[in-house]
Amino acid sequence: MSAPSLTPGKAESTRPTRPRGTKPAPAPGGFARALRRNLTAHGFLIGAVLCFGVFSWYPMVREFFLAFQKTENGRTTWVGFDNLVTVVDDPAFWQAWGNTALFTVLALLLGFAVPFLVAVVINEFHHGQGYLRLLVYLPVMLPPVASVLLFKYLYDPGYGLLNELFTSIGLPEQQWLQDPDISMTAVVIASTWMNMGGATLIYLAALQAIPGELYEAAELDGAGLLRKIWHVTIPQTRLILSLMALMQVIATMQVFVEPFLLTGGAGPEGSTTTVVYLIYQYAFNFNDYGAAAALGLLLLVLLAGFSAVYVKLSRAEDE
């Protein structure tokens with residue numbers, strides 16, 4: 001019998017072959033390294049989960065149970081929907097929802113449009129954008145209390161700078177925080193200035209991601225600045241605009257700091273009473289945590305429903 005022939009230039013391999021479908025044996029020490037790496041990753045993950053659980057999820061679950069309980073003389077009992085009935089029967093309930101809706105609408109007109117326009121203007125500058133971004137973001141870095149107190153000084157009817165400016169140009173002085181007709185507008189202006197920096201930077205990043213060829217094509221077609229914004233900028237940033245609109249609604253529906261510090265919460269004739277301020281009153285002024293939790297649960301359901309509708313409409317539009 002003749003010996004098997006070998007392929008020229010190649011030596012016959014004596015290395016044993018591994019059956020198909022089997023995994024290679026782990027290298028020595030590989031299991032220990034993988035275990036240490038996974039333990040480190042899971043350690044960071046467990047820390048984050050604990051933080052969310054203690055400071056976010058537990059309060060939400062606790063609020064859900066409190067909404068159907070009542071505590072009197074140290075004794076907690078289940079009362080069903082009595083807390084919801086108490087909240088709805090409160091005369092301040094509908095006024096708070098109306099004021100919150102008004103604040104949300106005004107904030108969308110100012111706090112949503114103004115940052116986008118500022119981002120468009122900054123994007124047109126070819127030099128000094130870093131300084132402009134810092135200038136716009138500075139109010140966000142200030143403590144909210146300091147910003148609100150600054151506007152309280154500006155709105156002062158006696159020596160406020162806004163009334164000084166109005167009188168210098170021949171306009172009548174205004175009772176910015178004392179007039180129920182304009183107090184909410186004054187709160188919205190302060191809130192817009194305080195919070196517009198973050199939204200402006202997000203819009204600016206989205207604008208700078210738009211290909212320049214689209215603007216060049218629009219210019220060749222004879223489009224001016226407004227037409228370029230309408231036909232190029234807005235369509236290219238549609239997803240960011242819709243997401244920021246959702247976040248704006250969620251944030252403004254929970255407004256508390258600005259009206260609380262500027263007008264004491266309720267404002268003249270209750271004109272700045274918001275839902276969250278009413279929750280604060282139930283919990284800390286009336287010592288009725290069940291009613292406060294019930295009102296918070298209503299706000300949670302409303303915002304969750306709004307978010308669900310937004311997600312559904314976004315998916316339908318993408319399809």
Side-chain angles (χ1 to χ4, degrees), residues 94-124 135-137 139-140 144 147-148 150-152 154-155 162 165-166 171 174-177 179-204 206-207 225-231 233-263 267-277 299 302-303 305-307 309-310 313-314 317:
W94 297 109
Q95 184 183 27
W97 281 105
N99 291 336
T100 303
L102 176 62
F103 181 88
T104 301
V105 172
L106 294 176
L108 283 176
L109 295 176
L110 292 178
F112 180 69
V114 171
F116 183 74
L117 295 177
V118 172
V120 171
V121 172
I122 294 178
N123 193 47
E124 294 297 321
L135 183 64
V136 170
Y137 197 73
V140 181
S147 300
V148 171
L150 172 63
F151 271 88
K152 197 166 186 179
L154 295 176
Y155 289 145
L162 282 180
L165 177 62
F166 272 41
L171 295 177
Q174 301 292 330
Q175 300 292 323
W176 296 98
L177 302 178
D179 188 347
D181 295 330
I182 62 174
S183 57
M184 184 59 77
T185 304
V187 173
V188 171
I189 293 174
S191 178
T192 300
W193 183 84
M194 291 168 54
N195 302 302
M196 65 177 289
T200 301
L201 295 187
I202 293 175
Y203 291 142
L204 185 59
L207 293 175
L225 177 60
L226 294 180
R227 291 185 61 188
K228 286 192 294 184
I229 293 175
W230 182 256
H231 294 287
T233 304
I234 293 180
Q236 291 295 316
T237 57
R238 178 178 56 86
L239 294 178
I240 295 297
L241 289 173
S242 60
L243 177 62
M244 293 300 293
L246 173 65
M247 296 177 63
Q248 182 83 6
V249 171
I250 293 176
T252 52
M253 290 291 289
Q254 302 176 71
V255 63
F256 173 76
V257 174
E258 292 87 343
F260 182 74
L261 294 178
L262 283 174
T263 64
E269 302 179 10
S271 58
T272 60
T273 300
T274 61
V275 174
V276 177
Y277 176 70
L299 180 61
L302 177 66
L303 294 179
F306 178 81
S307 302
V309 171
Y310 165 81
L313 293 177
S314 300
E317 187 176 352

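We number each residue from 1, following the sequence as shown. Fair warning: this is a prediction, and the values are worked out from it, not measured in the lab.
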Apply side chain to side chain contact (heavy atoms under 4.5 Å, CB included) to residues Asn123 and Leu204 and explain how you reach the verdict.
CA-CA 7 Å; Asn123 193 47; Leu204 185 59; 3.8 Å; yes
Side chain of Tyr155, backbone of Ala186: donor and acceptor closer than 3.5 Å?
yes
Shortest non-hydrogen contact between Val118 and Met196, atoms and distance:
CG2-CE, 3.7 Å
How about Trp193 and Leu150: do any of their side-chain heavy atoms sit closer than 4.5 Å?
yes
What orientation do Tyr277 and Phe260 show, parallel under 30°, tilted 30 to 60°, or perpendicular over 60°?
tilted
Side chain to side chain contact (heavy atoms under 4.5 Å, CB included) test vs Phe116 passes for just one of Val121, Ile202, Ile240, Leu241, namely Leu241
Are Leu108 and Thr252 close enough that some pair of their side-chain heavy atoms sits under 4.5 Å apart?
no
Taking the side chain as every heavy atom from C-beta outward, state whether Tyr203 and Val120 have any atom pair closer than 4.5 Å.
no
Thr100 OG1 to Met184 CE distance, which is reported to the nearest 0.5 Å:
7.0 Å
Separation between CZ (Arg227) and OG1 (Thr233), nearest 0.5 Å, reads 13.0 Å
Backbone of Val255 reached by a side-chain donor or acceptor of Thr274 within 3.5 Å:
yes
For Leu110 and Pro115, which heavy atoms make the closest approach, and how far apart are they?
O-CD, 3.6 Å
Between Thr263 and Ser183, do the side chains contain a donor N or O and an acceptor N or O under 3.5 Å apart?
no
Any chance you could measure Met253, atom CE, to Leu303, atom CG, to the nearest 0.5 Å?
5.5 Å
For a side chain to side chain contact (heavy atoms under 4.5 Å, CB included) with Phe151, tell me which candidate from Leu162, Leu177, Val187, Ile189 qualifies.
Ile189
Can you tell me how far the CG atom of Leu226 sits from the NE2 atom of His231, to the nearest 0.5 Å?
10.0 Å
Using atom types as modelled and distance alone, determine if a side-chain donor or acceptor of Asn195 lies under 3.5 Å from a backbone N or O of Ser191.
yes
Within-4.5 Å side-chain heavy-atom neighbours: Leu246 and Ser307
yes
Check: Gln248 side chain, Ala107 main-chain N or O, donor-acceptor pair, under 3.5 Å:
yes
Asn99 side chain to Gly270 main-chain N or O, any donor-acceptor pair under 3.5 Å?
yes
Heavy-atom check, side chain of Gln254 versus side chain of Leu299, under 4.5 Å:
yes
Within this structure, what is the CE-OG1 distance for the pair Met244 and Thr237, rounded to the nearest 0.5 Å?
11.5 Å
When rounded to the nearest 0.5 Å, the distance separating CG of Leu165 from CG of Leu154 is 10.5 Å
Please examine the side chains of Met194 and Val148, heavy atoms only from C-beta on, and report whether any two atoms are closer than 4.5 Å.
yes
